[in-house]
Number of protein chains: 2
Amino acid sequence: MLSHKAKYALKALLYLAEQDENHISKTIEIADGANIPKKFLEQILLDLKRGRFVSSKQGKFGGYYLIKSKNEITLAEIHRLFDGAIALLPCASLNFYEPCSDCKTEEECSLRHGLMLIRDETLKAMQGITIASLIKK
Amino acid sequence: MLSHKAKYALKALLYLAEQDENHISKTIEIADGANIPKKFLEQILLDLKRGRFVSSKQGKFGGYYLIKSKNEITLAEIHRLFDGAIALLPCASLNFYEPCSDCKTEEECSLRHGLMLIRDETLKAMQGITIASLIKK
DNA sequence: TCTATTCCCTAGTAGATTGATAGAATTTAT
DNA sequence: ATAAATTCTATCAATCTACTAGGGAATAGA
């Protein structure tokens, strides 16, 4: 399941993607528009900035705007940024790999192979969902 | 990610599936064989019993045994029993549906449609992974 | 019937995580 | 200078996770 953070991040990106080109959105606008607690959203936007999905302008008339195309921001990336691994166990993960503590030998893990298949399928599906694809007509 | 409970459940089922037909396995055997804390495993086996994956014999020489074919126990079922919904949000879930609290109208949820696509893909993949398929030769 | 052995059941608990909120510092336009 | 915005750090209650503890109930064999 997605955390609220990840869900709010997607909704915020969706909000930004629906604005006119060159429009800068204040946190409070996004919060109201996408129904997200404002102070919580502040943190999320900072994370999105660190992840290079958005950039910001400080001071009066400042705010946030997309710096990555809405066609190139995928659910997979947002999941990884906020909720970590896409795989079901760390030992089956590409980006968050860790060995199992309870598997005797490295290749002894009985679940690893099957979970890597799941990871590949899920990842492929999640890479197919972009912010653009979520915008309904 | 899978909880330890779900991971241990899979390993325990795998252990049971590898035993001879009609063999009854004590909790301690499974715990030692699959490297799972014994008291924790007790709870997990009870959950698996309530879920009709295994049955048990009480008293001396008692233990646990599979009552569902290893070809018919899927990762999807174990995930749902221990970790709940497979979908990334409750509003996109088949078995654990709940409406979003932060989406204004029911059909307003911008994420629901995309997440249902992911759910279908993930579910299909998870239904393809059975205990039998995890047993390596 | 006694005893050893096993499953069954209910509580409790330390530690981590989640979903926020609070408040002040910093930056910028006018 | 001042107002308006982002940025940063800290805090916090509630929940969840991964166990552990301790007994009760059932069963087989002596």
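Just so we're on the same page: letters track the sequence lines, and every chain starts at 1. These numbers were taken from a predicted model, which means no experiment stands behind them. Note: hydrogens, waters and symmetry copies are ignored here, and every other heavy atom, side chains too, is used.
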In whole angstrom, what separates Phe82(B)'s CZ from dC16(D)'s C1'? 16 Å
Tell me: CG of Asn35(A) to C1' of dG19(C), nearest whole Å? 15 Å
Nearest-Å distance for atom pair CG/C1', residues Leu46(B) and dT6(C): 12 Å
Applying side-chain hydrogen bond (donor to acceptor under 3.5 Å, both in side chains) to Lys60(B) and not counting sequence neighbours gives none
Starting at CE of Met126(B), measure out to CD1 of Ile86(B) and round the result to the nearest 0.5 Å. 5.0 Å
Tell me whether His113(B) at atom NE2 has more than 12 heavy atoms from other residues, nucleotides or ligands lying less than 6.0 Å away. no
Picking from dA22(C), dC8(C), dC19(D), which would you name as closest to the side chain of Lys39(A)? dA22(C)
Hey, does the side chain of Ser3(A) come within less than 4.0 Å of dT18(C)'s phosphate (OP1/OP2), counting only N and O? no
From CD1 of Ile44(A) over to C1' of dC8(D), roughly how many Å is that when rounded to an integer? 16 Å
Test for a donor-acceptor pair under 3.5 Å between the base of dT21(C) and the side chain of Gln43(A), counting only N and O atoms. yes
Base, sugar-phosphate or nothing for Lys26(A)? Non-hydrogen atoms, less than 4.0 Å. sugar-phosphate
For dT18(C) and His4(A) - does any side-chain N or O of the residue sit under 4.0 Å from the phosphate oxygens OP1/OP2? no
Is the distance from OP1 or OP2 of dA20(C) to the nearest side-chain N or O of Tyr8(A) less than 4.0 Å? yes
Rounded to whole Å, please give me the gap between CG in Leu45(B) and P in dT6(C). 14 Å
Among residues 55-67 of chain A, which contact DNA chain D at a heavy-atom distance under 4.0 Å? Ser56(A), Lys57(A), Gln58(A), Gly59(A), Lys60(A), Gly62(A), Gly63(A), Tyr64(A)
dC8(D) phosphate, OP1 or OP2, under 4.0 Å from Arg50(A) side-chain N/O: yes
Salt bridge between Asp102(A) and Lys7(B), side-chain N to carboxylate O under 4.0 Å? yes
Determine whether more than 12 heavy atoms belonging to other residues, nucleotides or ligands lie under 6.0 Å from atom NZ of Lys70(A). no
In terms of hydrophobic clustering (I, L, V, M, F, W, Y; side-chain heavy atoms under 4.5 Å; direct or indirect links), are Met116(B) and Leu88(B) co-clustered? no
Protein-nucleotide distance (Phe40(B), atom CZ; dT10(C), atom C1'), rounded to Å: 16 Å
Whole-Å distance, Asp47(A) CG to dT6(D) C1', equals 14 Å
How many whole angstroms separate atom CG of Leu41(B) from atom P of dT20(D)? 12 Å
Students often get this wrong, so: under 4.0 angstrom with heavy atoms, is Lys38(B) touching a base, only sugar-phosphate, or nothing? nothing
May I ask you to check whether Thr130(A) and Asn71(A) show a side-chain donor-acceptor distance below 3.5 Å? no
